Amino acid sequence: MMQALANGETDPAALAAMANKGLRATAAQLCDALGACSELNPVYRRLLKMALEELAFLEQQMANWIRRSRICSAPMRML
């Protein structure tokens, strides 16, 4: 939903349809809450996109760190 918003989606119903099904809000409530998205300034869309890109980068770095820490902490094999 956030990625679609950052990419320019303005239809509150389309954004609401992307919501996690576990949310307690109804589709009508989500549409009402997302109504302001149709007027979102392009500068804020770009800031959102930048924040999502940074989040993706940090998630990738964390996954790399976890992978490397598992390699380093694995028991050494005797040859």
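In this text the structure is predicted, and so the values were computed from the model without any measurement.
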Crowded around R70 CZ? As in, over 12 foreign heavy atoms under 6.0 Å?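 No, because the 6.0 Å sphere around CZ of R70 holds 12 heavy atoms or fewer from other groups.
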Within a reach of under 6.0 Å around CD of E54, are more than 12 heavy atoms found that belong to other residues, nucleotides or ligands?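 Incorrect, the count does not exceed 12.
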Can L48 be reached from L55 by stepping across I, L, V, M, F, W or Y side chains whose heavy atoms are under 4.5 Å apart?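 Cluster IDs for L55 and L48 differ.
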Should V43 and M2 be counted in the same cluster of Ile, Leu, Val, Met, Phe, Trp and Tyr side chains packed under 4.5 Å apart?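 V43 and M2: one cluster.
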Provide the closest heavy-atom pair for K49 versus Q3 in the form atom of the first, atom of the second, distance.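 It is CE-NE2, 4.3 Å.
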Quiz: residues 16-40 side-chain donor-acceptor pairs under 3.5 angstrom, not counting sequence neighbours:
from : atom 1 : to  : atom 2 : distance (Å)
N20  : OD1    : G22 : N      : 2.7
T26  : OG1    : Q29 : N      : 3.1
T26  : OG1    : Q29 : OE1    : 3.4
Q29  : OE1    : T26 : N      : 2.7
S38  : OG     : G35 : O      : 3.0

Hey, is the main chain of N7 close enough, under 3.5 Å, to the side chain of R45 for a donor-acceptor pair?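 No, because the side chain of R45 does not come within donor-acceptor range (under 3.5 Å) of the backbone of N7.
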